[in-house]
Amino acid sequence: MTNSEAGMSSDVAPASGCEYQVFLNFRGPDTRHGFTDFLYHGLIDAGVHVFKDEDELRVGEVIGGNLLRAINSSKIYIPIFSATYASSKWCLRELTHIVDNMSKFEGQKSILPIFLDVEPEDVKLKTPRYANAFLEHANKFRHEVEVWRKALAEVDEIKGWNVKMDQSHATIIKSVVKKVLEKLELKQKSVTEHLVGLDDRVKHLIELLDVNHRDVRLIGIYGMGGIGKTTIAKVIFNKLSSLFGKCCSFLEDVRESMLTKDGILQLQKKLLSDIVDYEYAEGVKDGEEGMRRIGETLSTKKVLVVLDDVDNKDHIKKLIGNKSLHSGSRIIITTRNITILQVQGFKDNIIPYEMLKMDDALALQLFCQHAFGKDFPLDDYLGLSNEIVSITGGLPLAIEVIGSLLNWKNKAFWKETLVKLRNVPEEEILKKLQISYDDLDEYQQQIFLDIACFFLNESKTDAIYMWTDCQLYPERGIDVLTNKCLIKIVDTNKFWMHNQLVDMARQIVRQESPSDLSKRSRLWITKEAVEIIRTEERKDKVQALEINEWDGYIQITNEEFERLQNLRLLKLCNGTYVGDFAKCHSKLRWISWQPFGDFQADNLYLDHLVVFKLGMNFFTDDSKAWNLIKRAQNLKVLSLTECEGITTIPDFSKCLGLERLTLIGCNNVKSFESFIAELHLLIELEIVDCVSLTDLPEEVGALVKLKHFSLRGCYGIRELPSSLGNLTSLIELDLSYTRIRELPNFIYKLKSLRTLLSPKYGSSSPKHHVWHLPSGISMLGNLEVLDLSWHNEMRDEIPIEIGELSYLRILNLNHTGISKIPRTISRLHHLQTLNLWGCHSIQVLPELPASLTCLLLESMSLVSVPNLSNLTNLVELHLHGGSWHSKKSNPLTVCNLRWIGKLSRLKKLQLSLLNVPTPPELASLSYLEELVLRQLDPKPILQLPSSAWTWRNLLTLEIGCCEVEDIPLKGFPRLEKFIVETCVWLQRLFIPLELERLREVDVSNCQELVEIQVVGLLKSLEFLYIYECKNLIRISGLSYLKNLETLRIKQCYVLTNVEGLDELESLTSLEVESCMSLRWLIDASCKKIPDDCLVEIKWCGAYLKDSNTSSFGMSMKHYREEILLSTSNKMEHPFIIRFHLGVRKPSEGFEFAGGILREKKDVTPDSVTYKGLIADIKGFGFRTKRMWYETPGEYHELIIEIKSDEQVKGMAQLASKRGLIHLYVEGGVDSEWEGEYDDELMEMLREEWRMKIDVYSDEDGAEWDVSGPDEYSDFASVGNSETDGTSSIDDFQSEPGNAKCFEDTGNRRQMRDRRIWHYGSVARRKTARMENRKKDNDESWEPANQNDVLRSSCQRCQGAEHDEKSCKATTEVEDQRHLSPVSTEDLHYLNCAVLKTYVEFLTWSRSREIELWQLTNYLRKQAEEVGPYVRHPQEGILQKEAEDGI
């Protein structure tokens, strides 16, 4: 018996013991020369090792050894059920062995059945086709038939391919081959088991490759060493390789392979062997033939090829060939050098894709996988883990190496490693990173080391001058460093370098001389630099040093300076030079100097100096320091920053080579001398924030080479010299924040101008002045940036000539008064940014150019939402029309945003359009990173299932002023910041575990929100802010926030529960303010919050102790020791409980009506209990239904119901502090006491209780009926209070209950919209009739006599007795003999809200010589609090401000 087989891939060996990979089980006469043959060759072409039995006639009754071994060794079995399959005993025996193997190796082997022109019902023996064959077998093989039957039934249950004879067999075979390759993972590349944070990047790259498209695509993944380029290439290759069958190849370490003899030839052979076969590859004799054969192969086959770590563009040509690639082919290249992706003569462009560092949260997760074997650190290793991850700078290589090194090591080892890492990188990381450094030439290495040691975040331009003078060829060097991903140029031309590369560079410098500092080329550590300066031997090797943050100051003497013969760069902070430097021959090219004291050196000549940066000094106009600069005739760059002592610019006319002159913050400079005309080579003149400078000399116009000119922030400049029209080389002109009224007419002469920033803010234009663009603006044909922002006096339409500025890229009209954009704007085909933010006169937009990438529009006058479907290049879009809070907004007539789905490139989107429906198409914007939705109707988008949202790249989500009841936070795996504000219907907010990268949550002004819950361990969250959620009751799940650093909770008035706060072990700042209902937050036993956490707690009622009066708070340690543990705060003072028995409380309010007063004195905090209070009340002859006490709030008293000892404890704390507590008891006279009291006393109790109740008219005019103690209704209140002895107004105000009358009155406006009930409120707009009784001759504290009746009504309180015509309050006083003298006219001075205070006052002062005018005068003194409520008699009846709503 013979068999055929295919060669195996060299990438992945078969599973242990596997001789074959696929076994074909088929009936020869039916399919051998047809379907089976095609399938066999399809699998061979894909590189699969296949067994196909070629023997037509077998001898014997059992399966032979070779056949049995083939079955046993294969991983995949493909039975092909055809018409006569069941007639073959050999097919059935093979199938039985296959099923047995499957059961033995469950999960390790697979069966892929194919039903070729038969039905599954046939295989189940339910039709004659297979059933008849089994009848025949039953006579000959009756012992095997049942086993065969079971094997058929088991295989029939497996999903396979049902193939009809009229179907395309090629399509089916292609599908089978694809499935086999997926199962075998034939060419899969091994990757680390710890893959973190790659999902989104892999998804993005697969979208870029788009294998369903028939074009050819090449992707170049570039980045620094160790950033993860190879790993992501392997992941993508593993995902896509099955789609290309055998035609895929992964060539690893191309750069390293090329270093060996015949390296290119070996790579070519491997590629051809992978895609064609081994024999074809071995026929290649040299690189030229290899390139030719590869070209021929790749032009005829659809391939997937990965070239890993390429550093030469010629290698790409030799490994891909010089012919066109076959349609559908995909090539992936990884490299450290972006320039190799620009291959000349290559037909297809290579799309660059930069591999960026990991963000902090994912970096920590990856580190923990290696260090702890899980996604998060052990609790006591959190701080160390964060610090180590920070040092790695998000470099996966460094994270993996260091994490593995620390795996399950003790804390001492971790700390030692951390100390080492701060100074020296790990050897394995260093070796990998240094590959790129070693590839640089000598000059490029010097530049690289300079940047790492001294120029991080420094201007590239200034450093180039120094390197040029040192003949280091910086233009070429910087280009090479950038292309090799060793540096980046960011943020206005500044250098950036990865932390690990910085560490590597500095380690290279240390290795120049590990033990002798004087033999190192660069010293950037202050201590080491000072040590070198102080040593007496010569330091010829030292080229550069920096002294910064030195305690005290340093003086460099001439002798010390002379020993640094080759010093070319010196950065000196807080130091100066002393002595005679006549013998010093300095080679310094760069000095950065922040002096200490005056300049004391003589004869210091800096002949080679190129860059001089002088900052923060008080050198006067006659200082010797200026001579130092005047002698530096080679000077190219001069920067003077915060030179407060000079009034004029020193004469630098001898510095004829000066090209860049900068003055920043020289606040006393008033003039600019005419010597400026001598600086013919000046190309940049930057005068910034020199506020005393008032004019410029005409000689500035002589600087004909000037390209960059800035007067930014020179507030004294009102006019420009006309000579500036001569500056025809000028490229950039910045006049922002000056007082120049108009752009000068000579502006049109500046034909080279590319950037024009007009004056803003500081313009001295008259009030009604209209600001215009100069008529010649269209003549600036090279203009690219035009900033006209903050010209509110710029009216109407901007000139139509704007359309002539064909190169314009940025047009900033931010906060101008323009009302119309001309149609000519559509001609600006290079326009990328159009800023119309704050242009509130714009109603409509014309058609905009399709080139726009950023559009910002905010207008209160917008009448229609523009259709922007043509702006398919937009990356950032802000549309704001109308305002939630403004009544001036126009209604939006056109509100269809369905076109937004066409803006597929959007990354930043802000929509604030009042009541406009959110388009469902918004869910399709998969590249969104920032989304802000305000004022829109969110229902259309929220009704979609979260699976329909494609916002997997979203980093920031903000929802504001939207009527949403729920915000499902699912489907946002990269979300880092979530903001929700003024969502008035939102009731609950859940922060789910799925938000693995969420760092910040802001929740504010959500009035109906009652709960915020963190669901599950959310280690990424660092900042949580909760403001003005006035119905928020509960915050839970904080214990899950192991990395939370800042927690702020403010103005959440009814918040009672903050769960898990004491578990926040990373907290650095805790602020809690105006949360008056909190009963507990932290106590002295809380040990997990760090001692140095800054705590600021204030205005949270009596239960939470304020941190202190400092606006900066205090440390947790001090708060615990000085506040929580202070003996002065312990409950140890006795107090009085004043019981108000039988009060009534409305269902929605803080007001109590009626009540008989009883007292209990000398109560100690530890003696009062809930049951004890019930017993006390029963002892007074009353039964208890409910009871409450008052606690102070920020603006008002809060009412707390007592239900258990927990509330009693809080009441006792407050009472011990105040000495008195009012307890309001709802209930009635206890029937059990009727036997104890006589009938007259019981009746008096009932009458006294009944007459203490206010009767209010309801909103519909109905009155409540008071029929007895067992009937309860809603009503408003009158409180009663009394103190013994002499009294005054101050005494009255000092009482807790009475003081609240004043506080409530003064803060009513602040409280009118709050749903917090407060004592004394009249917000329910009900008029009170109060009947108070007094027991004769009772000098103890008792309610007023029932004959002392006061009835009042007022227009402002909408009373039932209101008189429309008179608009006066009327008062009836019955039996006034016991009241202080009060005239009716006096009452006119009081507001209806103050009347309640007055009634309290009368009750309190019935036996005292205090008159109403005293109260009125006192209230006038409190004008800030109650000013709106009190008027002088001559002004007539007191009127309340209408906005108060009473």
S.K.: Give the C-alpha distance, both sets of side-chain angles, the deciding distance and a yes or no for side-chain contact (heavy atoms from CB on, under 4.5 Å) between L909 and L922.
M.R.: CA-CA 10 Å; L909 176 62; L922 189 63; 3.1 Å; yes

S.K.: Can you list everything that forms a side chain to side chain donor-acceptor pair (under 3.5 Å) with S329? Sequence neighbours excluded, please.
M.R.: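 Side chain to side chain donor-acceptor pair (under 3.5 Å) list for S329, sorted by chain: empty.
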
S.K.: For N835, check side chain to side chain donor-acceptor pair (under 3.5 Å) against everything at least two apart and list the hits.
M.R.: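 So N835 forms a side chain to side chain donor-acceptor pair (under 3.5 Å) with N812.
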
S.K.: Please give me the minimum heavy-atom distance between I227 and P396, naming the atom from each residue.
M.R.: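 Looking at all heavy atoms of both residues, the shortest contact is O-CG, 3.4 Å.
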
S.K.: How would you list, by chain and number, every residue that makes a side-chain contact (heavy atoms from CB on, under 4.5 Å) with L955, sequence neighbours excluded?
M.R.: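 For L955, the residues satisfying side-chain contact (heavy atoms from CB on, under 4.5 Å) (neighbours in sequence not counted) are E929, R974, E976.
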
S.K.: Pairs in or reaching into residues 908-942: which pass ring pair (Phe, Tyr, Trp, His ring centres under 6.0 Å), with residues at least two apart or in two chains?
M.R.: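 Counting only pairs at least two positions apart or across chains, the ring pair (Phe, Tyr, Trp, His ring centres under 6.0 Å) contacts touching residues 908-942 are H204-Y927.
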
S.K.: Taking NZ in K179 as the centre, count heavy atoms belonging to other residues, nucleotides or ligands within less than 6.0 Å. Is the count above 12?
M.R.: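 Atom NZ in K179 is not crowded, with 12 or fewer foreign heavy atoms closer than 6.0 Å.
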
S.K.: If we ignore hydrogens and angles and just use 3.5 Å, is the side chain of R330 paired with the main-chain N or O of L209 as donor and acceptor?
M.R.: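 Checking the backbone N and O of L209 against the side chain of R330, a donor-acceptor pair under 3.5 Å is found.
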
S.K.: Once rounded to the nearest 0.5 Å, what's the spacing between atom OG of S242 and atom NZ of K178?
M.R.: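 The NZ atom of K178 is 5.0 Å from OG of S242, to the nearest 0.5 Å.
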
S.K.: Can you name the closest pair of heavy atoms from V785 and L808 and give their distance?
M.R.: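 Of all heavy-atom pairs spanning V785 and L808, the closest is N-CD1, 4.0 Å.
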
S.K.: Do L205 and I221 have side chains that approach each other closer than 4.5 Å (heavy atoms only, starting at C-beta)?
M.R.: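 Answer yes - side chains close enough.
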
S.K.: Which atoms form the tightest heavy-atom contact between Q843 and L862, and what is the distance?
M.R.: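 Closest approach of Q843 to L862, heavy atoms only: O-CD1, 3.3 Å.
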
S.K.: Do F237 and C248 have side-chain heavy atoms sitting under 4.5 Å apart?
M.R.: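 Yes; the side chains approach each other to less than 4.5 Å.
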
S.K.: To the nearest 0.5 angstrom, please state how far the CD atom of E354 sits from the CZ atom of R201.
M.R.: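 Here the interatomic distance stands at 10.0 Å.
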
S.K.: Would you say the side-chain atoms of S1020 pair up with the backbone N or O of E996, donor to acceptor, closer than 3.5 Å?
M.R.: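 Yes.
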
S.K.: List for me each residue that meets side-chain contact (heavy atoms from CB on, under 4.5 Å) alongside L993, sequence neighbours excluded, and say none if there are none.
M.R.: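 Only L1017 meet the side-chain contact (heavy atoms from CB on, under 4.5 Å) criterion with L993.
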
S.K.: Around atom CD of E847, are there more than 12 heavy atoms from other residues, nucleotides or ligands closer than 6.0 Å?
M.R.: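 Count not over threshold, so no.
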
S.K.: Between H878 and E876, do the side chains contain a donor N or O and an acceptor N or O under 3.5 Å apart?
M.R.: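 On atom types as modelled, these side chains qualify, holding a pair under 3.5 Å.
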
S.K.: Where do I489 and T482 come nearest, in terms of heavy atoms and distance?
M.R.: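 Closest approach of I489 to T482, heavy atoms only: CG1-OG1, 4.3 Å.
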
S.K.: Can S912 and Q935 be said to form a side chain to side chain donor-acceptor pair (under 3.5 Å), step by step?
M.R.: CA-CA 5 Å; S912 181; Q935 306 187 116; 2.7 Å; yes

S.K.: Could you tell me whether the side chain of I320 reaches within less than 4.5 Å of the side chain of L325, counting heavy atoms only?
M.R.: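 Answer yes - side chains close enough.
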
S.K.: Sequence neighbours excluded, which residues qualify as side chain to side chain donor-acceptor pair (under 3.5 Å) partners of E1022?
M.R.: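 Applying side chain to side chain donor-acceptor pair (under 3.5 Å) to E1022 gives R999.
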
S.K.: Would the number of heavy atoms belonging to other residues, nucleotides or ligands and lying under 6.0 Å from OH of Y807 be above 12?
M.R.: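 Atom OH in Y807 is not packed in, count stays at 12 or less.
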
S.K.: Can you find a pair of side-chain heavy atoms, one from L181 and one from L243, that are under 4.5 Å apart?
M.R.: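 The answer is no, as the side chains (C-beta and beyond) never meet within the 4.5 Å cut-off.
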
S.K.: Looking at D360, I want to see if its CG is surrounded by more than 12 non-hydrogen atoms of other residues, nucleotides or ligands under 6.0 Å.
M.R.: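 No - once you tally the heavy atoms of other residues, nucleotides and ligands closer than 6.0 Å, there are 12 at most.
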
S.K.: Look at the side chain of K229 and the backbone N and O of G223, then say whether any donor-acceptor pair between them is shorter than 3.5 Å.
M.R.: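 A pair under 3.5 Å: yes.
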
S.K.: Going through the checks in order, is the side-chain contact (heavy atoms from CB on, under 4.5 Å) test met by F972 and R952?
M.R.: CA-CA 5 Å; F972 309 127; R952 296 186 59 81; over 6 Å; no

S.K.: Does any N or O in the side chain of N873 come within less than 3.5 Å of the main-chain N or O of A850, such that one atom is a donor and the other an acceptor?
M.R.: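 Between the backbone of A850 and the side chain of N873 there is a qualifying donor-acceptor contact (under 3.5 Å).
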
S.K.: Would you check if I333 and I350 make a side-chain contact, meaning some heavy-atom pair closer than 4.5 Å?
M.R.: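 Counting from C-beta outward, I333 and I350 do come under 4.5 Å.
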
S.K.: For T335 and N337, does a side-chain donor sit closer than 3.5 Å to a side-chain acceptor?
M.R.: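 Side chains of T335 and N337: no pair found under 3.5 Å.
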
S.K.: Is T853 reaching over with its side chain to a backbone N or O of Q832, donor-acceptor style, under 3.5 angstrom?
M.R.: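 A pair under 3.5 Å: yes.
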
S.K.: Hey, does the side chain of H498 reach the backbone of G393 with a donor-acceptor pair shorter than 3.5 angstrom?
M.R.: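 Between the backbone of G393 and the side chain of H498 there is a qualifying donor-acceptor contact (under 3.5 Å).
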
S.K.: Does one side chain, of E858 or W837, offer a donor that lies under 3.5 Å from an acceptor on the other?
M.R.: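 Their side chains do contain a donor-acceptor pair, which is all the 3.5 Å distance test asks for.
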
S.K.: Which residue is it: I991, I979, I1012, L1044? I am looking for the one with a side-chain contact (heavy atoms from CB on, under 4.5 Å) to V1001.
M.R.: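 Going through the options one by one, the only one that passes is I991.
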
S.K.: Mark yes or no for whether S859, through its side chain, and G881, through its backbone, hold a donor-acceptor pair below 3.5 Å.
M.R.: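 No, because the side chain of S859 does not come within donor-acceptor range (under 3.5 Å) of the backbone of G881.
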
S.K.: Between L307 and I316, what is the shortest heavy-atom contact and its length?
M.R.: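 In this case the closest contact between L307 and I316 is CD1-CA, 4.3 Å.
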
S.K.: Counting only N and O atoms by type, is there a donor-acceptor contact under 3.5 Å from the side chain of N953 to the main-chain atoms of S926?
M.R.: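 A pair under 3.5 Å: yes.
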
S.K.: Please round to the nearest 0.5 Å and tell me the distance separating atom CG of N349 and atom CD1 of I351.
M.R.: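 Answer rounded to 0.5 Å: 8.5 Å.
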
S.K.: Measure the CD1-CH2 distance between I487 and W496 for me, rounded to the nearest 0.5 Å.
M.R.: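 Between I487 CD1 and W496 CH2, I get 10.5 Å after rounding to 0.5 Å.
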
S.K.: So, do T334 and V310 sit near enough that their side-chain heavy atoms are less than 4.5 Å apart?
M.R.: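 Counting from C-beta outward, T334 and V310 never come under 4.5 Å.
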
S.K.: Output the distance between atom CG (L936) and atom CG (L897), rounded to the nearest 0.5 Å.
M.R.: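 One finds 7.0 Å between CG of L936 and CG of L897.
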
S.K.: Do D308 and T230 pair up side chain to side chain, a donor and an acceptor below 3.5 Å, judged on atom types alone?
M.R.: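 Distance-only check passes for D308 and T230.
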
S.K.: Considering only heavy atoms from C-beta outward, does the side chain of H815 approach that of S789 to under 4.5 Å?
M.R.: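 Counting from C-beta outward, H815 and S789 never come under 4.5 Å.
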
S.K.: Working note: D375 + C368, criterion side-chain contact (heavy atoms from CB on, under 4.5 Å); need CA distance, chi angles, decisive distance, verdict.
M.R.: CA-CA 5 Å; D375 289 339; C368 293; 5.8 Å; no

S.K.: So, for C962 and L933, which heavy atoms are closest and what is the spacing to 0.1 Å?
M.R.: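 In terms of heavy atoms, the two residues are closest at SG-O, 3.7 Å.
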
S.K.: Is a salt bridge present between D215 and R217, judged by a nitrogen-to-oxygen distance below 4.0 Å?
M.R.: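 Answer for the salt bridge query: yes.
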
S.K.: Only one of K977, R934, K908 passes salt bridge (Lys or Arg N to Asp or Glu O under 4.0 Å) with E958; say which it is.
M.R.: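 The single option meeting the salt bridge (Lys or Arg N to Asp or Glu O under 4.0 Å) with E958 is R934.
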
S.K.: Rounded to the nearest 0.5 Å, what separation is found between the CG atom of D787 and the CD1 atom of I810?
M.R.: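 Reported value, rounded in 0.5 Å steps: 9.0 Å.
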
S.K.: With heavy-atom distances below 4.5 Å as the criterion, would you say the side chains of P352 and Y222 are in contact?
M.R.: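 They are in side-chain contact.
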
S.K.: Between R997 and D359, is there a side-chain N and carboxylate O pair less than 4.0 Å apart?
M.R.: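 Between D359 and R997 there is a salt bridge, with a charged N closer than 4.0 Å to a carboxylate O.
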
S.K.: May I ask you to check whether over 12 heavy atoms, not counting those of K374, lie within 6.0 Å of atom NZ?
M.R.: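 Check passes, neighbour count above 12.
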
S.K.: Can you confirm if the NZ or CZ of K1042 lies within 45° of the ring axis of F376 and under 6.0 Å from the centre of its six-membered ring?
M.R.: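 Because its charged atom misses either the 6.0 Å distance or the 45° angle limit, K1042 does not stack over F376.
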
S.K.: Would you sort out whether S826 and L828 count as a side-chain contact (heavy atoms from CB on, under 4.5 Å), showing the intermediate values?
M.R.: CA-CA 5 Å; S826 62; L828 303 179; over 6 Å; no

S.K.: For Y1040, does the OH atom have more than 12 heavy-atom neighbours from other residues, nucleotides or ligands under 6.0 Å away?
M.R.: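 Counting neighbours around OH of Y1040, 12 or fewer heavy atoms of other residues, nucleotides or ligands fall under 6.0 Å, so no.
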
